[in-house]
Amino acid sequence: MNDKDYMRQAIELARINVAKGGGPFGAIIVKDGEVIARSGNSVTRDNDPTAHAEINCIRAACKKLESFELKGCVIYSSCEPCPMCLSAIYWARLDRLIYASTRQDAALAGFDDDFIYKEIPLANEARSLKCEHLCLNESELPFDDWKSKEDKTEY
């Protein structure tokens with residue numbers, strides 16, 4: 001199997017997902033030549049705006065590997081990941097991301113996340129989402145607890 005073969009699987013998964021009433025997105029994660037997770041988008045089916053194919057796939061792969069890191073893995077996505085999914089891919093520490101359609105292709109089909117890419121670098125007061133910083137005396141206590149915890153799992 002090679003990158004094209006795995007990508008074809010992700011694309012076919014997206015097509016099957018559409019036929020089953022889901023969104024037109026599919027993702028698979030491969031480690032050492034083995035597909036360890038696969039998923040389609042289930043946003044509307046699960047009433048969960050975070051249930052994108054890549055997020056669902058990362059969750060399944062982490063569960064299977066019993067790890068919050070996916071080092072040594074490659075994710076194949078039928079479409080360029082949105083900012084949320086791209087961030088999750090970074091957090092999961094996947095080795096590679098390979099995608100088929102672009103975010104511009106997705107926008108033409110009604111899935112336009114370009115506004116999020118534009119919002120991220122803006123200052124809080126310039127964003128369309130009202131963002132407020134409310135600092136309390138105890139705001140830093142969870143971080144203090146974390147820093148002093150001797151048996152923590154670093155990530």
Side-chain angles (χ1 to χ4, degrees), residues 1-135 139 142-143 153 155:
M1 297 281 281
N2 61 38
D3 288 342
K4 288 181 181 180
D5 295 323
Y6 293 125
M7 183 57 71
R8 285 187 180 99
Q9 288 183 38
I11 292 167
E12 182 60 21
L13 185 58
R15 296 188 73 209
I16 291 167
N17 205 52
V18 169
K20 292 182 175 181
F25 304 97
I28 67 169
I29 293 178
V30 176
K31 182 171 186 171
D32 299 327
E34 177 190 351
V35 175
I36 59 167
R38 65 183 73 236
S39 186
N41 172 298
S42 61
V43 169
T44 56
R45 188 171 44 248
D46 295 344
N47 293 315
D48 180 351
T50 69
H52 291 198
E54 298 90 342
I55 300 290
N56 290 342
C57 199
I58 288 169
R59 288 175 178 153
C62 287
K63 188 171 188 174
K64 180 171 184 172
L65 296 178
E66 298 180 342
S67 176
F68 58 86
E69 293 184 331
L70 296 175
K71 291 178 180 176
C73 296
V74 178
I75 187 166
Y76 295 84
S77 179
S78 65
C79 186
E80 182 176 1
C82 73
M84 175 185 67
C85 292
L86 184 60
S87 296
I89 290 165
Y90 274 104
W91 279 115
R93 297 174 178 91
L94 286 133
D95 287 3
R96 292 171 56 211
L97 157 65
I98 302 172
Y99 62 89
S101 298
T102 66
R103 65 187 200 218
Q104 291 80 12
D105 297 328
L108 292 173
F111 298 91
D112 193 355
D113 54 17
D114 194 51
F115 75 97
I116 299 172
Y117 281 100
K118 290 177 180 173
E119 288 271 313
I120 291 171
L122 297 177
N124 283 351
E125 60 275 3
R127 291 182 177 160
S128 61
L129 174 66
K130 188 175 180 179
C131 298
E132 300 176 41
H133 179 213
L134 177 59
C135 185
S139 294
F143 292 117
T153 301
Y155 64 98

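This structure is a prediction, so every number in the text was calculated from the model and none was measured. Side chains are part of it too, since the values below use all heavy atoms of this structure and drop only hydrogens, waters and symmetry mates.
Using modelled atom types, no side-chain atom of Tyr76 and backbone atom of Gly26 make a donor-acceptor pair closer than 3.5 Å. Judged by distance alone, the side chain of Asn56 and the main-chain N or O of Gly40 form a donor-acceptor pair under 3.5 Å. In this structure a side-chain-to-backbone donor-acceptor pair under 3.5 Å is missing from Asp95 to Val74. Remark: side-chain polar atoms of Asp5 are paired, donor with acceptor, to backbone N or O of Asn2 under 3.5 angstrom.
Residue Arg15 places its CZ atom among 12 or fewer non-hydrogen atoms of other residues, nucleotides or ligands, all under 6.0 Å distant.
You'll find the side chain of Leu65 reaches within 4.5 Å of the side chain of Cys73, heavy atoms only. In this structure the side chain of Phe111 reaches within 4.5 angstrom of the side chain of Pro24, judged on heavy atoms. Residues Glu54 and Leu94 fail the side-chain proximity criterion, which asks for heavy atoms closer than 4.5 Å. Side-chain contact between Phe25 and Asn17: absent, with no pair of heavy atoms (C-beta onward) separated by less than 4.5 Å. When side chains are defined from C-beta on, Arg96 does not count as touching Val30, because their heavy atoms never get closer than 4.5 Å. By the 4.5 Å heavy-atom criterion applied to side chains, Tyr117 and Pro83 are counted as neighbours. Residues Leu70 and Cys62 form a side-chain contact, since some pair of their non-hydrogen atoms from C-beta on lies under 4.5 Å apart. Met1 has its side chain out of reach of Val35: every pair of non-hydrogen atoms, C-beta onward, lies at least 4.5 Å apart.
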Trace of the side-chain contact (heavy atoms from CB on, under 4.5 Å) decision for Cys82 with Ile116: CA-CA 8 Å; Cys82 73; Ile116 299 172; 6.0 Å; no

Assess the residue pair His52 and Val43 against the criterion (side-chain contact (heavy atoms from CB on, under 4.5 Å)); give the C-alpha distance rounded to whole Å, side-chain angles, the decisive distance to 0.1 Å, and a yes or no. CA-CA 6 Å; His52 291 198; Val43 169; 3.6 Å; yes

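Between atom NZ of residue Lys64 and atom NZ of residue Lys31 there is a gap of 11.0 Å, rounded to the nearest 0.5 Å. Glu125 CD to Cys131 SG: the interatomic distance, rounded to the nearest 0.5 Å, is 9.5 Å. With rounding to the nearest 0.5 Å, the separation of CD1 in Ile11 from OG in Ser78 is 7.0 Å. With rounding to the nearest 0.5 Å, the separation of CG in Leu13 from SG in Cys57 is 8.0 Å. Here CD1 of Ile29 is found 8.0 Å from CD1 of Ile89. Values are rounded to the nearest 0.5 Å. Here Leu122 contributes atom CG and Ser128 contributes atom OG; the two are 8.5 Å apart, rounded to the nearest 0.5 Å.
Relative ring orientation between Phe68 and Tyr155 is described as perpendicular, the plane-to-plane angle rising above 60° on a 0-90° scale split at 30° and 60°.
Scanning all heavy atoms of the two residues, the minimum distance from Pro49 to Met84 falls at O-CE, 4.0 Å. When all heavy atoms of Gly21 and Thr44 are compared, the closest pair comes out as O-OG1, 3.8 Å.
Side-chain contact of Ser67 with Glu69: a donor-acceptor pair under 3.5 Å is absent, judged by distance alone.
Salt-bridge check for Glu80 with Arg103: passed, with a basic side-chain N closer than 4.0 Å to an acidic carboxylate O.
With sequence neighbours left out, the ring-ring contact (aromatic ring centres under 6.0 Å, His included) criterion links Tyr99 to no other residue.
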